[in-house]
Q: 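Okay, here's the structure, questions in a sec.
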Amino acid sequence: MKSPDGDSSIMDMFEKGKVLKICAPMVRYSKLAFRSLVRKYNCDICFTPMIVASDFMRSVKARDSEFTTNEHDRPLIVQFAAHDAQTLADAACVVAPFSDGVDLNCGCPQRWAMSAGYGACLINKPELVKDMVRHVRNQVDNPNYTASIKIRIHKDLRQTVDLCQKAESAGVSWITVHGRTSEERHQPVHYDAIKTIKDSVSVPVIANGDIKYLRDVESTHKLTGVDGVMAARGLLANPAMFTGYEDTPLECIWDWVDISLEQGTPFTCFHHHLIYMLERQSRKRRSRKQTNFAVAGFTGYLQRPLTEMTLQWTAVASFLYAEIVILIFLCLPFISARRWQSIFQLRIWSWMAQFWNKVFLTMIIILIVLFLDAVREVRKYSGKEISANAKLQPNMFDHLNMKLFRAQRNLYISGFAVFLWLVMKRVVTLINQLASVSNTTAALQAQADGANQAAKKYMEDNELLKQTLMEVKEGTATAEGIALLRTEVEKLKEELKTSGEALGKSQTEADVIKKQMDGLAREYDRLLTEHQELQNLRDSGNKKDD
């Protein structure tokens with residue numbers, strides 16, 4: 001292994017009969033924290049995630065973000081994606097003081113990489129690969145610094161052998177072979193092809209593909225005779241794989257939590273690795289203890305760095321859901337407005353009324369502050385410069401996306417909470433007014449029914465009185481009967497006049513209340529229209545910002 005003063009080389013680790021165990025370069029995964037973890041469990045060499053050499057050289061932010069290491073992170077190989085010999089050599093010179101070698105990615109099958117001239121398309125350009133290896137060997141001022149390549153195989157294996165032999169002639173330190181073609185993904189690994197390549201070159205060869213358990217290391221070595229094996233998904237599922245564990249042990253998960261806390265690992269990275277580590281146990285349905293353990297570690301990890309986000313989210317979401325629940329209760333069809341009014345008249349509401357305006361003002365201020373903060377965060381993390389930097393620095397992508405998602409979530413939820421608060425206030429007002437109208441209508445109806453009953457009774461009494469007092473004598477009534485009848489008629493007219501005036505007054509009051517209700521309905525429609533216009537203006541503003 002290379003020492004800081006450069007007296008020894010990583011090539012000294014390749015001993016006859018020994019199979020090196022290597023952590024593969026994995027975008028967004030094989031970062032410093034994960035490398036620190038697998039080194040505790042018999043991993044001999046670690047690779048960084050693939051770094052685009054041109055972006056690495058062009059951006060200081062990319063260099064600071066993409067390449068992180070420490071004094072214990074050795075031996076370390078930095079993998080670059082490049083299609084230009086001088087750019088690769090310049091990048092190698094930058095990282096040489098902090099690593100033991102560079103590796104050229106000639107195996108990435110993703111479309112974006114191949115369309116940009118990186119990755120697996122380089123296996124069809126053996127002269128370019130040879131030139132890039134030679135530039136690194138000639139320009140890095142350290143004879144012990146290694147220059148390796150990681151490739152996939154061709155359908156015509158003779159092309160792959162030719163590529164490897166040309167790289168060997170340029171001074172390649174070793175060759176890592178992923179035993180699949182660029183079109184293959186989960187098909188079986190071609191171990192015979194790896195063995196053919198091993199037999200055709202004198203430099204060390206590393207086998208890659210389907211290394212999931214320690215027994216796969218030995219079987220691959222026996223099948224191919226390679227000098228080492230490289231694992232990717234197998235180590236993600238079980239970082240202690242190289243020590244012989246079939247599944248991730250509890251102490252390994254503890255180590256991951258400790259390392260993440262110590263090095264300040266981003267939440268998304270910590271969470272993804274934790275899910276990978278527990279995946280096998282979850283499938284086997286025997287990981288209750290490990291799951292509880294992981295959750296405890298997860299909680300301890302999140303407790304401090306995410307406190308502010310949790311409080312903010314809890315406050316806004318709780319307020320929002322409380323509003324929704326209250327609105328649902330207020331709109332229940334089997335609870336009448338008069339019943340709600342009786343509930344609103346309970347003593348507890350009169351006690352709360354003295355604090356109501358203060359609480360309302362405080363909540364509105366809090367929601368407006370959260371709203372403005374969310375607008376600021378959205379503008380901050382959705383700018384063109386941020387987006388460009390995220391493309392230059394792939395490991396920032398998840399972090400920025402998470403921040404942008406949280407900011408937009410708080411923006412929408414806080415704005416919707418303010419709107420729901422206003423709607424709730426309006427609904428309560430309308431319920432009270434509807435209850436008052438209902439009470440007035442019921443009173444008027446009772447008064448009208450009473451007047452009708454009285455009029456009917458008077459009519460019956462008058463008819464009876466007429467029959468009793470009227471004595472027909474040759475077609476004429478007695479003077480006493482006529483006088484008594486006139487008195488009763490006058491009394492009945494007075495009663496009817498009084499009832500008519502009361503009924504007219506009640507009808508006037510009902511018309512006034514109806515006009516008030518119509519005015520409130522129009523005001524409510526106007527508020528909804530203004531809210532829709534404000535929503536449209538905000539959406540158009542967001543589109544302009546994007």
Side-chain angles (χ1 to χ4, degrees), residues 11 14 16 19-20 22 24-25 47 50 77 79-85 88-89 101-138 146-211 216-217 219-232:
M11 298 303 296
F14 289 94
K16 188 175 182 180
V19 183
L20 292 182
I22 303 172
F47 277 59
M50 182 188 73
I77 304 299
Q79 187 184 72
F80 284 110
H83 50 60
D84 174 74
L88 176 63
V102 294
D103 183 82
L104 175 62
N105 188 312
C106 302
C108 180
Q110 296 186 33
R111 290 184 179 179
W112 73 266
M114 297 184 68
S115 63
Y118 304 133
C121 70
L122 291 177
I123 63 176
N124 298 316
K125 302 175 182 179
E127 293 298 331
L128 176 58
V129 173
K130 177 180 177 180
D131 190 38
M132 287 194 281
V133 171
R134 182 181 290 115
H135 269 68
V136 173
R137 300 294 289 175
N138 292 339
T146 64
S148 57
I149 60 174
K150 184 175 184 292
I151 66 170
R152 284 186 174 238
I153 62 174
H154 298 81
K155 292 181 179 179
D156 183 358
L157 194 58
R158 290 174 297 181
Q159 293 179 266
T160 312
V161 171
D162 177 64
L163 169 67
C164 295
Q165 290 176 344
K166 287 182 177 179
E168 180 182 16
S169 67
V172 74
S173 301
W174 74 79
I175 301 172
T176 302
V177 182
H178 187 131
R180 295 185 177 96
T181 66
S182 57
E183 291 81 19
E184 294 175 332
R185 293 295 183 270
H186 303 290
Q187 291 84 345
V189 175
H190 301 283
Y191 292 105
D192 54 341
I194 298 177
K195 185 179 188 307
T196 300
I197 294 170
K198 169 61 181 172
D199 294 339
S200 65
V201 295
S202 59
V203 296
V205 174
I206 308 297
N208 177 223
D210 286 353
I211 306 297
D216 296 332
V217 176
S219 62
T220 301
H221 174 64
K222 290 179 180 179
L223 287 172
T224 62
V226 292
D227 304 276
V229 294
M230 176 181 287

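We number each residue from 1, following the sequence as shown.
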Q: Do NZ/NE/NH1/NH2 and the carboxylate oxygens of Lys195 and Asp199 come within less than 4.0 Å?
A: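 Between Asp199 and Lys195 there is a salt bridge, with a charged N closer than 4.0 Å to a carboxylate O.
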Q: Would you say that Lys150 contacts Asn105 through its side chain, given a criterion of any heavy-atom pair below 4.5 Å between the two side chains?
A: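 They are not in side-chain contact.
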Q: Check whether any side-chain heavy atom of His154 sits under 4.5 Å from a side-chain heavy atom of Ile123, and report yes or no.
A: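 The answer is yes; the side chains approach within 4.5 Å.
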Q: First locate atom CG of Asn138, then atom CZ of Arg134, and finally report the distance between them rounded to the nearest 0.5 Å.
A: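 Asn138 CG to Arg134 CZ: 7.5 Å, rounded to 0.5 Å.
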Q: If every non-hydrogen atom of Cys164 is compared with every non-hydrogen atom of Ile151, which pair is closest and at what distance?
A: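 Looking at all heavy atoms of both residues, the shortest contact is SG-CD1, 3.6 Å.
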Q: Using side-chain heavy atoms (C-beta onward) and a distance below 4.5 Å, is Ile197 in contact with Ile153?
A: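 Yes, their side chains come closer than 4.5 Å.
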Q: Flag the pair Phe14 / Ile206 as yes when at least one side-chain heavy-atom distance between them is below 4.5 Å, and no otherwise.
A: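 Yes, close enough: below the 4.5 Å cut-off.
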Q: Please give me the minimum heavy-atom distance between Val172 and Ala147, naming the atom from each residue.
A: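 Between these two residues, the closest heavy atoms are CG2-O, 3.3 Å.
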Q: Does Val129 reach the side chain of Cys106, with side-chain heavy atoms less than 4.5 Å apart?
A: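 Side chain of Val129 against side chain of Cys106, heavy atoms only: contact under 4.5 Å found.
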Q: Just verifying a value: how many Å separate Lys125 NZ and Lys166 NZ, rounded to the nearest 0.5 Å?
A: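 It is 14.0 Å, given to the nearest 0.5 Å.
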Q: Please assess Arg180 against His186 for the test side-chain contact (heavy atoms from CB on, under 4.5 Å), listing each intermediate value before the final yes or no.
A: CA-CA 9 Å; Arg180 295 185 177 96; His186 303 290; 5.5 Å; no
Q: For Arg111, does the CZ atom have more than 12 heavy-atom neighbours from other residues, nucleotides or ligands under 6.0 Å away?
A: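 Result for CZ/Arg111: open.
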Q: Whether the His221 and Asp227 side chains hold a donor-acceptor pair (N or O, under 3.5 Å, no angle test) is what I'd like checked.
A: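 Looking only at side-chain atoms, Asp227 and His221 do not form any donor-acceptor pair under 3.5 Å.
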Q: Taking C-beta and beyond as the side chain, do Asp210 and Asp216 meet within less than 4.5 Å on heavy atoms?
A: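 Answer no - side chains too far apart.
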Q: Testing the basics here: between Pro109 and Ala120, what is the closest heavy-atom pair and its distance to 0.1 Å?
A: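 What the structure gives for the nearest pair is CA-CB, 4.3 Å.
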Q: What distance separates Met50 CE from Gln79 CD, expressed to the nearest 0.5 Å?
A: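 Reported value, rounded in 0.5 Å steps: 7.0 Å.
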Q: Ignoring hydrogens, what is the shortest heavy-atom contact between Leu122 and Ala82? Give both atom names and the distance.
A: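 Leu122 and Ala82 have their closest heavy atoms at CD1-O, 3.4 Å.
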Q: What's the verdict on side-chain contact (heavy atoms from CB on, under 4.5 Å) for Ile149 and Val133, showing C-alpha distance, side-chain angles and the deciding distance?
A: CA-CA 8 Å; Ile149 60 174; Val133 171; 3.9 Å; yes
Q: State whether the side chain of Gln187 and the backbone N or O of Glu184 hold a donor-acceptor pair below 3.5 Å, judged by distance alone.
A: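 No: the side chain of Gln187 does not pair with the backbone of Glu184.
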Q: Strictly distance-based, threshold 3.5 Å: is any side-chain N or O of Arg152 a donor or acceptor partner for the main-chain N or O of Gly107?
A: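 It does hold such a pair.
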Q: Does the side chain of Lys130 come within less than 4.5 Å of Ser169's, by heavy atoms?
A: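 A side-chain contact under 4.5 Å exists here.
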Q: Which residue, Thr160, Val203, Val226, Leu163, forms the side chain to side chain contact (heavy atoms under 4.5 Å, CB included) with Ile175?
A: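 It is Val203; the other options fail the test.
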Q: Say you draw a straight line from CH2 of Trp174 to CD1 of Ile22; how long is it, rounded to the nearest 0.5 Å?
A: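 The distance works out to 6.5 Å.
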Q: Show the nearest heavy-atom pair for residues Val19 and Gly228, with the distance to one decimal.
A: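 Distance-wise, the nearest heavy atoms are CG1-CA, 3.7 Å.
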Q: Working to the nearest 0.5 angstrom, can you tell me the gap between Met132 CE and Arg137 CZ?
A: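 The CZ atom of Arg137 is 15.5 Å from CE of Met132, to the nearest 0.5 Å.
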Q: Applying side-chain contact (heavy atoms from CB on, under 4.5 Å) to Thr224 and Lys198, what does each step give before you reach the verdict?
A: CA-CA 7 Å; Thr224 62; Lys198 169 61 181 172; 5.7 Å; no
Q: Under a 4.5 Å cut-off applied to non-hydrogen side-chain atoms, are Val136 and Val102 in contact?
A: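 The answer is yes; the side chains approach within 4.5 Å.
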Q: Calculate, to the nearest 0.5 Å, the distance between atoms CE and CD1 belonging to Met230 and Ile211 respectively.
A: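 Going from the CE atom of Met230 to the CD1 atom of Ile211 covers 11.0 Å.
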Q: Taking the side chain from Ser115 and the backbone from Trp112, do they hold a donor-acceptor pair closer than 3.5 Å?
A: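 Present.
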Q: Just checking, is any N or O donor in the side chain of Thr176 or Asn208 under 3.5 Å from an acceptor N or O on the other one?
A: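 Not at all, the side chains of Thr176 and Asn208 share no donor-acceptor pair under 3.5 Å.
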Q: For the residue pair Ser202 / Glu168, report whether a side-chain donor-acceptor contact shorter than 3.5 Å exists.
A: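 On atom types as modelled, these side chains qualify, holding a pair under 3.5 Å.
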Q: Run Thr146 and Met11 through side-chain contact (heavy atoms from CB on, under 4.5 Å) and show every step you take.
A: CA-CA 8 Å; Thr146 64; Met11 298 303 296; 3.9 Å; yes
